[in-house]
Structure formats: C-alpha cells, structure tokens
J.: 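Pasting in a structure now, in structure tokens, and then I'll have a few things to ask.
A note on names: the letters A, B, ... follow the listed sequences, proteins ahead of strands, and every chain is numbered from 1.
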Protein chains: 4
Amino acid sequence: MSTADTPSASAGRKRADVRRNEQKLLDAAAAVFVRMGIDAPVREIAAESGLGMGTIYRHFPTRADLVVAVFRHQVDALAAAVDAAPTAGTPYEVLRQWVHQFVDFLVTKHGLAEALHSDQAGFESLHNEFVERLMPVLDQLLKASTAAGYTRSDVRAYDFMLAIGNLCIGVENFPDYQARRMIDLLLAGLARTAPASTGEEPEQP
Amino acid sequence: MSTADTPSASAGRKRADVRRNEQKLLDAAAAVFVRMGIDAPVREIAAESGLGMGTIYRHFPTRADLVVAVFRHQVDALAAAVDAAPTAGTPYEVLRQWVHQFVDFLVTKHGLAEALHSDQAGFESLHNEFVERLMPVLDQLLKASTAAGYTRSDVRAYDFMLAIGNLCIGVENFPDYQARRMIDLLLAGLARTAPASTGEEPEQP
Amino acid sequence: MSTADTPSASAGRKRADVRRNEQKLLDAAAAVFVRMGIDAPVREIAAESGLGMGTIYRHFPTRADLVVAVFRHQVDALAAAVDAAPTAGTPYEVLRQWVHQFVDFLVTKHGLAEALHSDQAGFESLHNEFVERLMPVLDQLLKASTAAGYTRSDVRAYDFMLAIGNLCIGVENFPDYQARRMIDLLLAGLARTAPASTGEEPEQP
Amino acid sequence: MSTADTPSASAGRKRADVRRNEQKLLDAAAAVFVRMGIDAPVREIAAESGLGMGTIYRHFPTRADLVVAVFRHQVDALAAAVDAAPTAGTPYEVLRQWVHQFVDFLVTKHGLAEALHSDQAGFESLHNEFVERLMPVLDQLLKASTAAGYTRSDVRAYDFMLAIGNLCIGVENFPDYQARRMIDLLLAGLARTAPASTGEEPEQP
DNA sequence: CATGAATGAGGTTTCATTCAT
DNA sequence: CATGAATGAAACCTCATTCAT
C-alpha cells in the first residue's frame with residue numbers, strides 16, 4: 001500500500017497480477033472441469049480459484065472462451081510433445097506412441113473427450129482449437145508412417161483424430177470399458193495388412 | 001401383433017387410449033431427444049406429444065424411465081434384426097452387416113450415442129439396457145466369426161460395443177467426420193491379419 | 001353380474017351402495033386427515049377409501065364439504081355424550097368430565113384441533129358446525145355449575161370452548177407439552193375461588 | 001449503533017446494503033406470513049420486499065431459516081422487555097404484565113401463534129427458538145411469584161408458555177373469540193386459591 | 001480492476017379438478 | 001354412477017449474468 005502506489009509502478013504490477021489471475025483461473029477451471037464437467041457452475045470455478053466471479057467474466061466473457069483457454073493450454077503441451085519425443089523406432093511406432101500420449105492426455109483430464117463433442121453454442125471453437133493444433137501433428141505422423149509403407153493411405157488424420165477422442169469417452173463412467181484395447185484395435189486396422197507386399201486392396205469405396 | 005389385438009377386450013377401451021398416449025409420448029420424446037438431447041425440458045416433450053406434463057410424469061416418473069423406454073423400443077428392434085437378417089456370406093460378413101445396422105441405428109436416432117455415456121444420475125439403466133440386450137447378440141456374432149477363423153479372439157464384445165457407439169458420436173455436429181470409415185478401420189483391426197497363417201497369437205485371454 | 005341386472009332392483013341397490021360409499025369416504029378421510037392433516041391430497045383419500053377420486057367430488061364437491069362431513073360425524077357423537085353420561089357428582093364435576101371427554105376427542109382425532117382454526121377458504125363452516133353443535137351443550141353445563149355456585153359467571157361458553165380446543169393443539173408434535181394440565185388450570189381459573197363467600201372481584205372489564 | 005457506524009469503514013458500504021436487504025426481507029416476510037401464513041410462496045415475499053427470489057435463498061437457504069429469523073427478531077425484543085419493564089407491583093402483577101405483553105406480541109404478529117405449532121419439517125427450530133429465549137424469562141417470573149406465595153408451584157413454564165401461545169390462536173379468524181379473557185382465566189387458575197392459608201400442597205416438585 | 005450480491009428465467013415436480021370411458 | 005388418466009397452474013430451486021461498490 002505504501003510503496004506500490006507510485007503510478008508508474010502500478011501499471012507494471014497490475015499486469016503481473018492479471019497474468020497470475022488468469023493462470024489461477026485456468027488451473028481452477030481445469031480442476032473443476034475434471035470434477036464436474038464443462039457445465040460446472042461458474043461459482044464453483046470462482047471458489048476454486050479464490051477469485052471473484054466477475055473476474056472470470058472479465059477474462060473469459062463466454063464459457064466457451066474459458067473452456068478453450070483451459071484446453072489450449074494443454075493442447076499446446078501435447079503438440080509440442082511430438083518434437084520432444086526421442087525418435088524411437090519405426091514411424092509407425094512413433095505414431096503409436098504419440099497416439100497413446102494423446103489418449104493419456106484425454107483420459108487423464110477427464111471430461112475432456114466428451115467436451116470435444118459438445119453441441120453447446122460456442123464450442124465449435126473448442127473443437128477447432130483441437131483440430132488446428134493437433135491435426136497437423138497427427139497428419140505428419142500418419143504421412144511418415146504411410147510413406148514408409150507401414151500404414152494404409154486412405155485414412156484421414158481428421159477422422160482418425162476424432163476417432164481416438166471418441167474411443168476415450170466413458171472411461172471413467174464405465175470402468176469396465178477398456179478404451180486402450182479399442183485404440184489398439186483401431187491402430188491395428190490402420191496398419192498395412194501385409195508388410196508392403198499385397199498392394200493394399202482398399203476395401204472401402 | 002396378430003394375437004393381442006382381439007376386439008373382445010371391451011373393457012380395454014380406456015387401456016387402448018392409455019397405450020396410444022404412451023406411444024405418443026415415446027415418439028415425441030424420441031423426436032425431442034433428437035432435437036435437443038436427452039436433457040430436453042419435459043415441457044418440450046409434452047408440447048411435442050400434445051399431452052400434458054403431468055401425463056409424462058404418470059407414465060415415466062423419472063427422466064431416466066422415459067429415456068430408457070424410448071430406447072428400449074428401438075433396441076428391441078435391433079436385437080431382433082440379427083435373426084431376421086438373411087445369413088449372407090461368411091460369419092465375418094454377417095458381423096460386419098450387423099455392426100453397420102447398429103451404426104445406422106445410432107446415427108439415425110441422433111443424440112443416442114451420446115446419451116449412452118451420460119453420467120447423469122439414473123442413466124446407468126440406459127447403459128445397462130443396451131448392454132443387456134445387444135451385447136449377447138454381438139457376442140454371438142463375434143464368437144461365430146472367431147470360431148471360423150476370421151477374427152481375433154482377444155476382443156471383448158463389451159468393449160467392442162461401446163467402441164462402436166463411441167465412434168458414432170459427433171456425426172451430426174461435425175458433418176465432416178466420417179464415422180463409417182472409422183468403424184471399418186475398427187473392423188479391419190478386428191480381422192485376423194493373415195488368413196490363419198501368421199498365427200497372430202492372441203496376447204490377451 | 002347375473003342376478004343383479006334386473007332394472008327394478010338396480011335402483012334400490014344403488015342407493016345402498018351410495019350410502020356405503022359415503023361412509024367409506026368419511027372413514028377414509030378421517031383416517032387420512034389424521035395422518036396428513038386436512039390438506040391431504042385428494043388422491044390419498046381416494047386410495048384409502050378404495051374409491052375413485054371422481055366419487056369424492058360427486059359426494060363432496062368442495063374440500064370443505066368433506067371436512068365438515070367428517071367432523072360432523074364425530075361431533076354428533078360428542079354432543080350425544082352429555083346425555084349418556086351418568087350424572088355423577090356436582091354440576092362442576094359433570095362439567096369437568098365433559099370437558100375432559102372433549103379433550104379426549106380432540107386429542108385422539110389428531111389434527112382436528114388445528115383444523116378448527118384453519119383460515120382456508122370454506123372452513124368457517126367447519127367452525128360453525130362445531131359451535132352450533134357443541135356450544136349449547138357446554139353452555140348448559142356451565143350455566144348449571146354457575147347456578148349452583150361453583151363457577152364464575154363471567155365466562156362465555158364460546159370463548160371457553162375455543163380455549164379448550166386451542167389448548168389441545170400441539171399435543172402430538174410436542175410430546176412434552178402436557179395439555180391436560182393446562183386444561184385443569186383453565187378449569188381451576190373457572191372455579192369460584194372461595195366457595196360462595198369471598199366474592200372474588202372480577203378483574204375484567 | 002454508536003461504535004459500529006464509523007465512517008472510516010469505506011469497504012463496509014456494501015455490507016450496509018446487505019444488512020438493509022436482510023432487514024427488508026425480514027420485514028417483508030413478517031408481513032407476508034401475516035397475510036398468507038408461513039407457507040406463503042417465496043415469490044410473494046420477494047415481491048413484498050422488492051428484492052429478487054434468489055436473494056432470499058442466499059440469505060435464508062431453507063424456508064425454516066427465514067421463519068426462524070423473522071421470529072427471532074421479535075422474540076429478542078420480547079425477551080428484553082422483561083428487563084425494561086418497571087418493577088411495578090407484586091411479582092404476580094409483573095408476571096401478569098409480561099404475559100399480556102407476550103399476548104400483545106402474538107396477537108399483533110398474526111399467524112405467529114399458529115406457526116409455533118407447525119409440524120412442517122424444519123420448524124422444530126422455530127419452536128426451539130421460542131422455548132430457549134422465552135421460557136427462561138417466564139420461568140423466572142413464575143418462580144418469583146411462587147416464592148412470594150402468589151402462585152401455584154406445580155405449573156411448568158414450558159406448558160404455560162405453550163398454553164398462552166395456543167390461547168392466542170384464532171384471534172383474527174374468529175373475531176368474536178376473546179383470547180384475553182381466556183388468558184386471564186388461565187392466570188386465575190395459576191393464582192393460589194387462598195393466600196397462603198389453605199395449603200394446597202404442590203403435588204409436583 | 002476485482003468483488004460477490006442481486007436478479008430472474010427456466011427447469012422440475014405436485015396435485016386439484018375435469019371428463020371420456 | 002364410478003373411475004382414474006389427463007391437464008396445467010403454481011410452487012420450488014438453481015445458476016448464468018450483471019453491476020453497484
């Protein structure tokens with residue numbers, strides 16, 4: 001109160017505070033989304049963050065803004081992961097590993113997979129966010145694997161990405177559902193039947 | 001259909017109305033669920049059906065009751081379909097066909113796939129309904145195909161069924177998502193890689 | 001079904017049925033009023049009586065009609081009780097005894113005392129019923145006791161009757177409340193202090 | 001009032017509004033309870049107070065909370081009244097006066113006496129509130145009067161308090177009912193019959 | 001800028017009452 | 001006459017959102 005009141009300093013200080021608040025909000029929202037789903041009461045997030053509700057609305061005018069922000073944060077990490085990963089094994093193996101990282105991510109942050117498909121107004125942006133950030137990564141992995149003859153060439157990264165996300169839905173609600181196995185089934189379906197010999201008869205029109 | 005309609009049931013006149021109303025409700029609810037999801041306001045369903053709200057509560061005290069009823073209706077049809085189908089082709093082909101019927105069903109009645117995974121209180125019954133009615137059918141198809149050497153033996157009908165349901169999620173909201181292809185990918189993953197030559201030891205019991 | 005169908009007999013039979021139904025309704029209503037108060041759902045009474053709701057409305061178009069009927073039944077019994085009682089002891093003693101019978105009645109049929117004071121539309125008739133039937137009885141007892149010099153002359157039967165009723169309220173809800181003692185206190189206050197000697201100046205204007 | 005209103009509490013401005021609103025609510029609720037009983041629609045109270053329904057729920061989550069609050073307010077005043085009163089006359093006279101104040105209170109805030117006996121869930125607290133605050137006061141008055149030889153020793157403050165409350169019921173609905181006289185009758189019954197001569201052994205400790 | 005009290009639309013549910021059977 | 005299914009008004013309560021402090 002005594003030292004920080006210089007007008008010149010206050011601007012700088014404020015900005016730092018604002019940024020810290022935004023981070024608090026993101027963390028809190030992530031936690032609450034996990035607990036209560038993306039429709040959690042705003043007040044809950046406010047309480048979790050220790051901030052006021054008005055502050056949430058200042059930073060994220062619509063709920064979609066907040067959700068997108070929460071997930072962008074984590075999607076960024078995932079997109080970056082592909083580079084950080086040691087290039088271990090064949091391109092197909094690299095693809096497998098990334099897919100499982102993706103699954104880890106979806107499964108850990110529970111409720112996220114479901115959220116990707118919400119038809120609630122304004123959540124296209126969430127979907128878009130995901131697509132824009134992760135599809136290129138997945139596309140590149142797919143292409144590399146296909147080019148090396150490991151995988152079919154008729155699978156679009158977009159479909160594949162959504163499929164992975166979808167297969168993760170319900171993991172918490174139905175503990176007996178073993179999503180990993182289905183992911184592996186999908187990956188198996190993706191692999192070339194005979195390693196670069198048969199010629200890959202496309203069964204699909 | 002043939003035996004139950006005997007006109008002799010004169011005292012059943014009222015009964016007939018009641019039954020018709022119940023049917024109206026089921027139809028209306030199905031329609032509204034498609035439009036607005038399973039969380040649609042009860043009032044909406046009342047309006048759609050042309051009946052009063054109280055009537056809904058009389059027939060289906062909880063929302064889950066209504067949802068289950070709506071879907072049971074349709075699940076029954078699907079369960080029956082396996083018998084009606086002409087036994088065309090190999091067991092694997094029969095499996096494929098039934099799976100695609102299942103997908104037709106899920107995709108047509110939109111919102112249904114999502115509903116299967118609702119964690120809302122009381123929807124376990126919906127999930128159970130599905131599992132109890134359809135899993136046996138799918139299990140039988142799977143076993144037949146595996147026995148004939150067409151498919152892997154390490155895939156549980158339960159996982160497979162949920163996976164199929166999951167892959168159908170988002171079909172309407174994201175028209176560019178081609179669920180069918182992913183279903184086919186899953187089916188491809190299910191098929192034995194080399195027709196009874198490579199061995200492909202099932203690594204899971 | 002076979003014998004009773006003669007048209008001549010049906011009219012006579014009906015009337016008997018109607019009367020029996022009315023009695024069923026009164027009994028059922030009394031029971032339900034005890035259980036759930038006079039605001040109990042109509043359906044509850046229908047269920048208790050084994051009759052349909054429509055039948056209730058036919059016999060007692062408004063709720064007040066039913067309530068009045070239920071209590072008239074029991075009030076009649078109480079009014080008659082004064083004659084049936086053996087004239088034991090002094091007029092004051094007779095008065096005491098009748099008051100305690102009244103209390104028995106109110107306390108037994110629980111909810112009744114409260115009902116007497118309901119301001120719900122149409123319940124004046126209930127109150128009136130009570131006043132018209134019982135006040136004359138009480139008045140007569142009071143006058144007899146006063147004439148014999150046992151009790152004060154400045155107490156109106158109307159007030160006294162309502163007071164007794166009031167003192168019985170809450171007996172079930174608050175089991176520690178000993179209504180009888182307060183009734184006795186009231187009766188003590190009613191008695192002439194010194195047996196026809198002191199004069200007991202009335203403090204009231 | 002003198003110390004808490006210091007203008008220095010600039011941050012407390014909001015606090016003042018909140019407190020004022022709470023007061024508005026209490027006043028409005030008191031008024032509505034009088035008009036429509038303690039089961040009055042929440043919306044009615046909201047309208048009366050000029051505030052929103054949500055505000056009521058914020059301040060008083062359950063209906064019982066509101067009712068208790070409304071009456072606590074007034075009970076406090078009554079409990080305090082015993083000290084404020086000039087010690088006029090004999091202990092019995094003081095008792096009489098307080099009882100009549102109590103009656104004034106009950107009669108004025110109409111509906112209150114009835115409310116004390118509601119068996120609705122959660123209204124024990126209302127009853128308790130009354131008992132805890134007022135019974136000690138009444139007990140002290142009774143004991144003083146008894147010690148001075150004016151009144152019987154076998155009357156429990158609890159019963160007496162409920163009796164007074166009960167006798168006030170119906171004052172508005174039945175304007176011909178003169179509760180005051182019955183209160184006086186009860187007080188007369190409480191007084192020792194002959195001033196310390198007859199003996200009248202107290203049969204209860 | 002941050003706060004959180006206030007708002008009130010909108011969902012759910014209950015029941016008195018009507019009326020077709 | 002009896003029945004009880006249908007109706008829908010009315011009450012409850014919960015949040016998303018605004019805005020005075």
Side-chain angles (χ1 to χ4, degrees), chain A residues 10-11 13-15 17-18 21 25 39-47 49-59 61-63, chain B residues 10-22 24-25 39-47 49-59 61-63, chain C residues 10-11 13-15 17-18 21 24-25 39-47 49-59 61-63, chain D residues 10-22 24-25 39-44 46-47 49-59 61-63:
Chain A
S10 72
R13 282 267 270 195
K14 271 281 165 68
R15 196 151 278 168
D17 268 30
V18 167
N21 278 346
L25 279 178
D39 293 327
V42 173
R43 207 181 304 270
E44 195 73 23
I45 299 168
S49 70
L51 301 175
M53 293 178 337
T55 310
I56 296 181
Y57 280 94
R58 170 173 303 276
H59 285 279
T62 82
R63 174 182 293 268
Chain B
S10 66
R13 273 278 210 104
K14 181 78 134 310
R15 204 54 81 60
D17 261 36
V18 170
R19 204 170 294 166
R20 240 192 0 231
N21 278 343
E22 194 155 317
K24 273 192 215 164
L25 278 179
D39 293 328
V42 172
R43 218 184 294 273
E44 193 74 20
I45 298 169
S49 69
L51 300 174
M53 290 179 343
T55 308
I56 297 181
Y57 281 96
R58 167 180 294 274
H59 286 279
T62 80
R63 176 181 294 272
Chain C
S10 71
R13 283 268 273 201
K14 271 283 168 64
R15 196 151 280 166
D17 269 30
V18 166
N21 278 347
K24 274 193 214 163
L25 279 178
D39 293 327
V42 173
R43 207 182 304 270
E44 194 74 21
I45 298 168
S49 71
L51 300 176
M53 293 177 335
T55 310
I56 297 180
Y57 280 94
R58 171 174 303 277
H59 285 278
T62 81
R63 174 182 292 269
Chain D
S10 66
R13 272 280 210 105
K14 183 74 134 311
R15 202 51 83 60
D17 262 35
V18 168
R19 204 170 296 168
R20 242 196 352 235
N21 279 343
E22 195 156 315
K24 274 193 215 165
L25 278 179
D39 293 327
V42 172
R43 212 182 300 271
E44 194 74 22
S49 70
L51 301 174
M53 288 180 342
T55 308
I56 297 180
Y57 282 97
R58 165 182 295 274
H59 286 280
T62 81
R63 175 182 294 273

J.: Among E:dT7, E:dT17, F:dA5, which nucleotide sits nearest the side chain of D:L51?
T.: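 From the listed options, E:dT7 comes nearest.
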
J.: Nearest-Å distance, CG (B:L25) to P (F:dT7)?
T.: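 Nearest whole value for this atom pair: 9 Å.
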
J.: Return the value, rounded to whole Å, for the distance between atom CG of C:N21 and atom C1' of F:dT3.
T.: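 Distance check: C:N21 CG to F:dT3 C1' gives 12 Å.
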
J.: Looking at F:dA6, I'd like to know if its phosphate oxygens (OP1 or OP2) sit under 4.0 Å from a side-chain N or O belonging to B:H59.
T.: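 Looking at the OP1 and OP2 atoms of F:dA6, one of them is under 4.0 Å from a side-chain N or O of B:H59.
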
J.: Which nucleotide in the list E:dT12, E:dA5, F:dG4 gets nearest to the side chain of B:P41?
T.: E:dT12

J.: Using the closest heavy atom to pick a nucleotide of DNA chain E for each, name whichever of D:G50 or B:G54 lands nearer the 5' end.
T.: D:G50

J.: Are any non-hydrogen side-chain atoms of A:V18 and A:H59 less than 4.5 angstrom apart?
T.: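 Side-chain contact under 4.5 Å: yes.
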
J.: Round to the nearest Å and state the distance from D:M53 atom CE to F:dA16 atom C1'.
T.: 14 Å

J.: B:D39 CG to F:dT14 C1': how many Å, rounded?
T.: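 Atom CG in B:D39 sits about 15 Å away from atom C1' in F:dT14.
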
J.: Compare every heavy atom of B:A46 with every heavy atom of B:G52, then report the nearest pair and how far apart it is.
T.: C-CB, 4.0 Å

J.: Any heavy-atom pair between the side chains of A:V42 and A:I56 that's under 4.5 Å?
T.: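 The answer is yes, as the side chains (C-beta and beyond) meet within the 4.5 Å cut-off.
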
J.: Looking at C:R63 and C:A40, would you say the former's side chain and the latter's main chain have a donor-acceptor pair under 3.5 Å?
T.: yes

J.: Using Watson-Crick or G-U wobble geometry with both distances under 3.5 Å, which nucleotide pairs with F:dC15?
T.: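 With both distances under 3.5 Å, F:dC15 matches E:dG8.
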
J.: Determine which nucleotide pairs with E:dT21, using a 3.5 Å limit on both distances of a Watson-Crick or G-U wobble pair.
T.: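 E:dT21 is paired, partner F:dA2.
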
J.: Using atom OH of B:Y57 as one end and atom C1' of F:dC12 as the other, report the distance to the nearest whole Å.
T.: 12 Å

J.: Can you tell me the distance, in whole Å, between the CZ atom of B:R19 and the C1' atom of F:dA5?
T.: 15 Å

J.: Taking only the side-chain heavy atoms of B:R58 (C-beta and beyond), determine which of E:dT18, F:dA5, F:dA2 contains the nearest atom.
T.: F:dA5

J.: For D:R43 and for C:A40, locate the closest nucleotide of DNA chain E by heavy-atom distance; then report the residue assigned to the nucleotide nearer the 5' terminus.
T.: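 Comparing both residues, the 5'-ward one is D:R43.
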
J.: What nucleotide, of E:dA5, E:dT12, F:dG4, holds the atom closest to the side chain of D:V18?
T.: E:dA5

J.: Of the candidate nucleotides E:dT12, F:dA16, E:dA16, which contains the atom at the shortest distance from the side chain of A:R63?
T.: F:dA16

J.: Examine distances only and state if a side-chain atom of B:S49 and a backbone atom of B:I45 form a donor-acceptor pair shorter than 3.5 Å.
T.: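 Checking the backbone N and O of B:I45 against the side chain of B:S49, a donor-acceptor pair under 3.5 Å is found.
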
J.: Quick one: D:R20 CZ to F:dA20 P, roughly how many Å, whole number?
T.: 14 Å

J.: Using whole Å, report how far CD of D:E44 lies from P of F:dC12.
T.: 10 Å

J.: Think D:T55 has a side-chain N or O under 4.0 angstrom from the OP1 or OP2 of E:dA5?
T.: no

